[in-house]
Amino acid sequence: MKTLKQLSTGVLLLCGLHSQAQFQGRVYEEDSSVAVTQGSIQKTLAWCGGFNNPQFANADLNNDGTLDLVVYQPDQFSVKTFINYGSPSSPNYRYRPQYARNFPQCSFYLILKDYNKDGIEDLFESGGLGFTVHKGYYNASNELCFTKYKALYYNNDKLLIGYINAEVNPGDIPSIVDVDFDGDLDFISYYGDGYYVNWYQNMQVELGKPSDTITIRLADRCWGKMKQSYLRTHDLGVFCDNSSLMKTTGGEPSTGKITDGGNTPCLIDLDGDDDYDVLDGHRAFNYMVYLRNGKSPAGPRDTMVFQDTTWTTLGDTVKIAQWAAAFHVDIDGDGNRDLMVSPNAQLTSENYKCSQYYKNIGTDKFPSFKFQTDTFMVSDALDLGTGSYPFLYDYNKDGKPDLFVGSRGYYDALTGQFFSKVMYLQNVSTAGNPAFQLITNDFLSLSFKKYKGISIGVGDVDNDGKADFLMGHNDGSVHYIKNTALTPTAMPNWSGTPTAVKDASGNAIVTNGYSVPLVYDMNVDGVNDLVLGDQKGYLIYYQNTSTTPGVSTYIFTNDQLGFAKSDPEKLTIGHSVPFIGKIDNSPREYLLMGSRSGRIFRFTDFQGGAIFGTFKRLDSAYSYILSDYPQTNTYMSAPTVADIDGDGNYDMIVGNVYGGLHLFKQVKTVGMIEQEYQEPKLTVFPNPAKTEINITLNPTLFEKNTSVYIYNAMGQLVKQVQTETAKGYLNISVSTLPDAIYYCVVYTDGKRFVTSFVKQN
């Protein structure tokens, strides 16, 4: 791809247009009440944002005596909270993000257990070292909150090196249970090499300390007398000399382990014999391994005496695409804890069938787990795998914007690859009742194309006046499907074959990756241009120079349009997702850019066709959307805006890395200053030009001492004109300029204006 050389710093500063826009504060609030139905079934969690590698925990979030559900996703350190409005054995979970704001930012895992026996769940997470404890309490609004207690250290007297942290390998999930049944919680995790299990015994009871304290010692360096080598099969009967370093009996330890760490031991008493068995997952395998505890006949130490490397419960083998993790929680609220299984792997594992629910049809003492679904909660949400891209457009021409959603793809466990679909939801809102009906999960059967990633744009690509369907892909390519409807006002007919979007030279347009197409008349010449977001975070601009209906001539113009960038602190990444349009009650259009970080950036100073200028950034986190509470951040944002229900307030739908959607409702009327300013418009005619151009400025006139600078597409000054004559237009000869695209920078009355033209004989 060609790269546009940047102009000098002075030219960049002079190219920005005057702006009266102001910081608006919080204009939007999250709203999960908009109804979404599929057939007759309501998707009750439509706007919760999706799931990829969920961890599950119970807590009474609102202090009403009913256990609610917390979902933590470690790849982006995000927390989702769900209030249970149902009854025992009949849960009814609803997404309530406000409770997540009371959680600390957690790393790697989130476990909720009541360690101090005050009836309120406390929180355990890695804290970057191993185990960090946060005490739970209720605030004045009866919302569960936390305050940090401490990280767990112990005196490693066996190795004579003083106090060190209790260890959990980054990415592992430990188990926190009362291993020795003495009334206080203990801590189980794999040692750093990933072979052996450490038991950090809580000595609160033994030392007679208050219940609000935790004091630990490393009680066993090979708890369970087992070793996890490079095989899924564990070595059993492994003993440790706990007075020194680990040793084994009966030969040398197994060698050849291919990875350090990568374990998710979940301790459950599966057979009701008052010791803890283990359901163990490992990042190199996809089955859940069951290890049965038989204790040691020589003493109370736990000993695994049997294992099943393809554990099956009531006829169903527990398996996940990669690195299974189990969670012992009460999903249905009947008092008997159930089993949830999900992938702990990130990026390369199942991202839709990622939430396996096994209902306990036995008792909590003698559990019996029966498979229910592998899309628990996921099927109640709008979830397209990974990396969702929403787009609002009135497809059926009923005056209401419908919703299309593409994504970076669903994970195919058979091939290990991602493939994408497009979801189409029809807007069925009535006055005061916004609502969508999910029509299809595979619009235009695009899944058969096996595209890796589909972002969506709608607009007239081929200059025939009818809106075409555009798709950007992970590899940076861009396709469109021609609209063959009879008229521009008819419902689009996108039944043709996708075609690569090409430039004026006939070459397929390709970005740096993760392209996101936007069709918009950037230079205000009456012809739609092509703007592309990509993974570097800038905007790539192809100007359409065609004046022939049915023919588009895309000329690469700029790969840093307006020098606008998402995540500007990152030099080479940003994943820009552009939207241009009205976003509030003012008449002004804005540029919104979604980003890799999840923030939404707002820009102005492009409205007059200033494609060669510097767009003014108004917000680095517009309306604080998905950025004001780090623990609720879902990373990657893809915004689209429209008035869904015709109430005069705008709605924003934002896609994220989990393949889900969040919906935000405009709750603030912006100040009138946003509505008062009208930008003077600079125009050039004829365009294309052969020998001369006329430059006009409306609604004002040029003043004396007007200067015009003409630059080529490489940013080189090719012509300069100064005049002291005040008149309605300027006439400038361009006969000596080669055929190409050029930019005019005009200075008059202390202001700067920018436009472009094409020289073509």
Side-chain angles (χ1 to χ4, degrees), residues 52-57 59 70-80 100-113 115-116 121-136 145-156 159 161-177 185-202 213-218 221 259-266 281-283 323 325 327 342-347 569-570 596-598 627-635 657:
N52 279 359
N53 51 350
Q55 299 180 16
F56 297 89
V70 177
V71 176
Y72 174 69
Q73 304 198 79
D75 56 347
Q76 307 296 345
F77 311 117
S78 72
V79 177
K80 298 181 189 295
R101 298 168 183 172
N102 299 323
F103 280 66
Q105 189 163 8
C106 303
S107 55
F108 300 119
Y109 66 88
L110 187 160
I111 295 173
L112 295 171
K113 296 285 181 102
Y115 84 86
N116 55 7
E121 285 78 14
D122 306 298
L123 186 150
F124 301 83
E125 49 97 11
S126 171
L129 294 173
F131 295 92
T132 296
V133 188
H134 305 260
K135 294 181 183 179
C145 300
F146 302 94
T147 183
K148 184 177 179 180
Y149 169 42
K150 68 177 182 178
L152 298 186
Y153 287 77
Y154 67 98
N155 188 348
N156 193 1
L159 298 179
I161 59 175
Y163 278 88
I164 62 174
N165 60 290
E167 186 174 9
V168 180
N169 283 311
D172 282 15
I173 303 175
S175 198
I176 301 175
V177 295
L185 291 175
D186 304 301
F187 305 88
I188 293 288
S189 64
Y190 272 85
Y191 181 64
D193 60 9
Y195 288 117
Y196 301 93
V197 176
N198 286 344
W199 170 30
Y200 299 100
Q201 183 182 18
N202 188 350
T213 61
I214 298 176
T215 301
I216 62 171
R217 72 181 185 101
L218 179 55
R221 288 185 171 86
T259 57
D260 293 332
N263 295 277
T264 52
C266 177
H282 188 273
R283 66 178 174 182
W323 195 357
F327 305 93
S342 63
N344 197 49
Q346 302 172 15
L347 302 178
E569 67 277 7
K570 305 291 186 181
R596 184 182 185 272
S597 70
S627 65
D628 49 352
Y629 301 100
Q631 66 274 40
T632 65
N633 197 347
T634 53
Y635 288 81
V657 71

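Since we're looking at a predicted model, the values are computed, not measured.
Applying the side-chain hydrogen bond (donor to acceptor under 3.5 Å, both in side chains) criterion to Glu121, with sequence neighbours excluded, gives no partner residue. In this structure Pro343 satisfies the side chain to side chain contact (heavy atoms under 4.5 Å, CB included) test together with Ile320, Ser349, Cys354, sequence neighbours excluded. The salt bridge (charged side-chain N to carboxylate O under 4.0 Å, His left out) test applied to Lys135 returns Asp212, not counting sequence neighbours. Residues satisfying the side chain to side chain contact (heavy atoms under 4.5 Å, CB included) test with Phe108, not counting sequence neighbours, are Ser126, Pro170. Residues passing the side chain to side chain contact (heavy atoms under 4.5 Å, CB included) test with Thr215, sequence neighbours excluded: Leu207, Lys209. Checked against ring-ring contact (aromatic ring centres under 6.0 Å, His included), Phe124 has the following partners two or more places apart in sequence or in another chain: Phe187. Considering only residues two or more places apart in sequence or on other chains, Glu167 meets the side chain to side chain contact (heavy atoms under 4.5 Å, CB included) condition with Asn169, Tyr191, Tyr200. With sequence neighbours excluded, no residue forms a ring-ring contact (aromatic ring centres under 6.0 Å, His included) with Phe56. In this view, Phe327 satisfies the ring-ring contact (aromatic ring centres under 6.0 Å, His included) rule with no residue, not counting sequence neighbours.
With hydrogens and angles ignored, the 3.5 Å screen pairs a side-chain donor or acceptor of Glu125 with a backbone N or O of Gly127. Between the side chain of Asp122 and the main chain of Gly136, a donor-acceptor pair closer than 3.5 Å is present. Counting only distance, with no hydrogens or angles, the side chain of Gln55 and the backbone of Pro74 share no donor-acceptor pair below 3.5 Å. A donor-acceptor pair is defined here as one N or O able to donate and one able to accept, closer than 3.5 Å; such a pair exists between the side chain of Lys150 and the backbone of Ile214.
With a 4.5 Å cut-off on side-chain heavy atoms, Leu123 and Pro104 count as touching. Side chains of Lys113 and Val177 form a contact here, defined as non-hydrogen atoms less than 4.5 Å apart. When side chains are defined from C-beta on, Ser189 does not count as touching Asp172, because their heavy atoms never get closer than 4.5 Å.
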Original post:
Is there a side chain to side chain contact (heavy atoms under 4.5 Å, CB included) between Ile216 and Phe131 once you walk through the steps?
Top reply: CA-CA 11 Å; Ile216 62 171; Phe131 295 92; over 6 Å; no
Subject >> Intermediate values then yes/no, ring pair (Phe, Tyr, Trp, His ring centres under 6.0 Å), Tyr149 and Tyr115 >> reply: CA-CA 11 Å; Tyr149 169 42; Tyr115 84 86; 5.7 Å; yes
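A distance of 9.0 Å separates OG in Ser597 from NZ in Lys570, rounded to the nearest 0.5 Å. Rounding to the nearest 0.5 Å places SG of Cys266 at 9.0 Å from CD1 of Ile173. Note that CG of Asn165 and OG1 of Thr132 are 9.0 Å apart. Values are rounded to the nearest 0.5 Å. For the atom pair Asn344 CG and Thr264 OG1, the distance stands at 6.0 Å (nearest 0.5 Å). A distance of 10.0 Å separates CD1 of Ile164 from OH of Tyr153, quoted to the nearest 0.5 Å. Separation of atoms CD (Gln201) and CG (Leu218) is listed at 10.0 Å; rounding is to 0.5 Å.
The minimum heavy-atom distance linking Gly194 with Asn263 is given by the pair O-ND2, 3.6 Å. The two residues Val168 and Gly130 make their nearest non-hydrogen contact at CG2-O, 3.5 Å. Closest non-hydrogen pair, Gln105 versus Phe77, comes out as NE2-CB, 4.3 Å.
Aromatic rings of Tyr72 and Tyr109 (six-membered ring for Trp) have centroids beyond the 6.0 Å cut-off, not under it.
Residue Asn202 forms a side-chain contact (heavy atoms from CB on, under 4.5 Å) with just one option from Asp186, Thr213, Leu152, and that option is Asp186.
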